[in-house]
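Right, one structure below, let's go through it.
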Protein chains: 2
Amino acid sequence: MNKDVPDIVIARLPIYLRTLNLLLEDGKEITSSQELGSILGISPAQIRKDLSHFGEFGKQGTGYNIKYLISQLRKILHVDREWDMILIGAGALGHAMAHYPGFREQGFNIVAVFDNDPSKIGQEWSNLVVRDAKEMEQFVAEKGIRIAILAVPARAAQAVADRLVKAGIKAILNYAPTIIQVPEGVIVEHIDPIAHLQYMTYYLE
Amino acid sequence: MNKDVPDIVIARLPIYLRTLNLLLEDGKEITSSQELGSILGISPAQIRKDLSHFGEFGKQGTGYNIKYLISQLRKILHVDREWDMILIGAGALGHAMAHYPGFREQGFNIVAVFDNDPSKIGQEWSNLVVRDAKEMEQFVAEKGIRIAILAVPARAAQAVADRLVKAGIKAILNYAPTIIQVPEGVIVEHIDPIAHLQYMTYYLE
DNA sequence: TAGATTGTTAATCGATTAACAATC
DNA sequence: TAGATTGTTAATCGATTAACAATC
């Protein structure tokens with residue numbers, strides 16, 4: 001497959017996709033690398049180069065048909081389908097995520113929530129019930145879930161991640177404020193607001 | 001100042017800092033670029049190179065004193081002090097962040113929450129009261145706040161950002177699922193879980 | 001046709017890594 | 001001293017950009 005496309009290019013595709021969706025909502029039908037670039041603060045050449053890794057999506061003299069490019073990017077990113085995810089951790093953050101409509105709107109469905117706190121297990125969250133974390137492995141295996149969102153305390157994160165990987169999870173969106181180690185073939189993306197804040201304070205003052 | 005240090009180097013410093021804090025909690029006193037690198041999946045040479053932009057923090061033959069390096073990184077990133085922040089948006093996500101102890105633990109204090117929904121204004125959230133968004137500008141100006149967390153719906157984000165910038169905000173942590181434009185001298189960092197998920201699904205299957 | 005914009009090549013720029021003298 | 005690891009230089013690697021033929 002396209003295993004030779006740099007990670008950094010892949011990381012920009014979702015940004016392009018989001019911007020294209022924005023333009024579409026504004027009623028536009030056609031855009032250009034120039035327009036996309038100026039919205040994103042990226043050079044037009046880079047956008048064309050990035051897209052050229054996957055094919056030819058534009059028309060000389062015209063630009064890109066927004067709907068068509070969206071559909072192609074969705075295919076490339078494998079989001080031309082729905083993905084089921086589980087959420088581990090029924091704290092305040094887990095609660096916010098379970099109720100955030102944005103995941104579902106983008107085809108990412110949280111289909112189960114797990115926690116090990118007896119006072120949380122059994123709680124009903126809109127269309128979900130908080131389940132006992134003991135049932136996690138069986139659920140993942142039975143339903144063939146490959147994506148997990150980790151919203152547990154830092155000290156629990158590695159142990160939970162180990163269990164998830166063993167059960168068959170291949171992608172972890174980690175909200176726990178700690179680094180987790182996973183074997184080859186499993187991807188972790190870390191949501192780290194503190195790191196972003198510290199990056200910004202470097203430039204303040 | 002160190003305006004010649006690449007952004008990408010600055011972005012790694014918070015990761016180093018987090019890892020060093022982890023090692024310190026484990027009771028370690030000394031580490032090496034080798035050890036840090038293997039934890040983070042980064043080459044030891046890169047870690048030494050990154051640090052060398054700011055000075056000499058290690059000892060040949062020994063490595064780095066963890067406490068000392070932490071204190072130096074905190075100075076470099078300007079987190080050897082506390083920062084007051086405001087939070088805009090009192091929805092589920094805002095609620096979760098206002099109650100997340102991690103910000104305060106790292107010296108980032110949410111000192112006020114704003115919303116424009118009358119049913120939310122006046123709500124008491126632990127030690128905070130949800131305020132009317134109309135008071136936002138005055139609060140920022142009076143208290144000299146420079147950092148804002150944006151947790152409002154996508155359609156409101158740009159307008160709120162414009163108001164924040166006008167009032168004096170210099171750094172925005174944007175949780176709204178949209179791109180916001182700010183003038184030179186203002187920094188935006190975007191928390192974008194959907195982008196992370198789409199990045200990961202590229203590699204799935 | 002004239003104007004615009006793509007896709008791509010080659011040049012440039014910048015970041016990462018290898019290697020090693022210095023030295024603890 | 002012998003072993004280890006830093007800080008730094010130079011080489012390598014890879015990503016970005018400029019430029020332009022192709023063509024809509």
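As the structure is a computational prediction, the values presented were derived from the model and not from experiment. Residue numbers start from 1 in every chain, and the chains themselves are labelled A, B, ... in the order their sequence lines are given, proteins ahead of strands.
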Quiz item: For atom CD of B:Glu135, is the number of surrounding heavy atoms from other residues, nucleotides or ligands below 6.0 Å larger than 12?
Solution: yes

Quiz item: Does the B:Ser43 side chain pair with the main chain of B:Gln46, one donor and one acceptor, at a distance under 3.5 Å?
Solution: yes

Quiz item: Would you find a donor on one side and an acceptor on the other, under 3.5 Å apart, between the side chain of A:Asp192 and the backbone of A:His196?
Solution: no

Quiz prompt | salt bridge (charged side-chain N to carboxylate O under 4.0 Å, His left out) involving B:Lys49 - partner list, sequence neighbours excluded | solution = none

Quiz item: Which word best sums up how the rings of A:Tyr202 and B:His78 line up, parallel for under 30°, tilted for 30 to 60°, or perpendicular for over 60°?
Solution: parallel

Quiz item: According to the Watson-Crick and G-U wobble definition with distances under 3.5 Å, which dot-bracket string, read 5' to 3', encodes DNA chain D, using [ ] for crossing pairs and | for pairs with another strand?
Solution: ..||||||||||||||||||||||

Distance-only donor-acceptor pairs under 3.5 Å for side chains of residues 158-171 of chain B, two or more places apart:
{"unit_1": "B:Gln158", "atom_1": "OE1", "unit_2": "B:Gln181", "atom_2": "N", "d": "2.8"}
{"unit_1": "B:Gln158", "atom_1": "NE2", "unit_2": "B:Asp162", "atom_2": "OD1", "d": "2.8"}
{"unit_1": "B:Gln158", "atom_1": "NE2", "unit_2": "B:Gln181", "atom_2": "O", "d": "3.0"}
{"unit_1": "B:Arg163", "atom_1": "NE", "unit_2": "B:Glu137", "atom_2": "OE2", "d": "2.6"}
{"unit_1": "B:Arg163", "atom_1": "NH2", "unit_2": "B:Ala133", "atom_2": "O", "d": "2.8"}
{"unit_1": "B:Arg163", "atom_1": "NH2", "unit_2": "B:Glu137", "atom_2": "OE1", "d": "3.0"}
{"unit_1": "B:Arg163", "atom_1": "NH2", "unit_2": "B:Glu137", "atom_2": "OE2", "d": "3.4"}

Practice problem: Measure across A:Asp115 and A:Asp117 and return the closest heavy-atom pair with its distance rounded to 0.1 Å. | Solution: OD1-N, 2.9 Å

Exercise. Tell me, please, which residues at least two apart from A:Tyr68 pass ring-ring contact (aromatic ring centres under 6.0 Å, His included).
Key: none

Practice problem: Residues of residues 36-48 of chain A with any non-hydrogen atom less than 4.0 angstrom from an atom of DNA chain D: list those, numerically ordered, please. | Solution: A:Ser43, A:Ala45, A:Gln46, A:Arg48

Quiz item: For B:Val79, does its backbone N or O pair with a side-chain atom of B:Arg74 as donor and acceptor, under 3.5 Å?
Solution: yes

Quiz item: Less than 4.0 Å between a side-chain N and a carboxylate O, is that true for A:Arg12 and A:Asp50?
Solution: yes

Quiz item: What are the bounds, 5' to 3', of the part of DNA chain D that sits under 4.0 Å from heavy atoms of chain B?
Solution: D:dA4 to D:dT9

Exercise. Please state whether the rings of B:His95 and B:His99 are parallel, tilted or perpendicular, taking 30° and 60° as the class boundaries.
Key: tilted

Practice problem: Could you tell me which residues satisfy ring-ring contact (aromatic ring centres under 6.0 Å, His included) with B:Tyr16, sequence neighbours excluded, listed by chain and number? | Solution: none

Per-pair distances, 0.1 Å, donor-acceptor, side chain in residues 32-39 of chain B, under 3.5 Å, sequence neighbours excluded:
{"unit_1": "B:Ser32", "atom_1": "OG", "unit_2": "B:Gln34", "atom_2": "N", "d": "3.4"}
{"unit_1": "B:Ser32", "atom_1": "OG", "unit_2": "B:Glu35", "atom_2": "N", "d": "3.1"}
{"unit_1": "B:Ser33", "atom_1": "OG", "unit_2": "B:Arg48", "atom_2": "NH1", "d": "3.0"}
{"unit_1": "B:Glu35", "atom_1": "OE1", "unit_2": "B:Lys28", "atom_2": "NZ", "d": "3.4"}
{"unit_1": "B:Glu35", "atom_1": "OE1", "unit_2": "B:Thr31", "atom_2": "OG1", "d": "2.5"}
{"unit_1": "B:Glu35", "atom_1": "OE2", "unit_2": "B:Lys28", "atom_2": "NZ", "d": "2.8"}
{"unit_1": "B:Ser38", "atom_1": "OG", "unit_2": "B:Glu35", "atom_2": "O", "d": "3.2"}

Quiz prompt | Sequence-distant partners of B:Glu105, side chain to side chain donor-acceptor pair (under 3.5 Å), two or more places apart | solution = none

Listed pairs under 3.5 Å, donor-acceptor, residues 144-156 of chain B side chains, sequence neighbours left out:
none

Quiz item: Going by number, which of residues 57-72 of chain A have a non-hydrogen atom under 4.0 Å from DNA chain D?
Solution: A:Lys59, A:Gln60, A:Gly61

Self-check item: Sorted by number, the residues of residues 25-34 of chain B with heavy-atom contact under 4.0 Å to DNA chain D
Solution: B:Ser32, B:Ser33

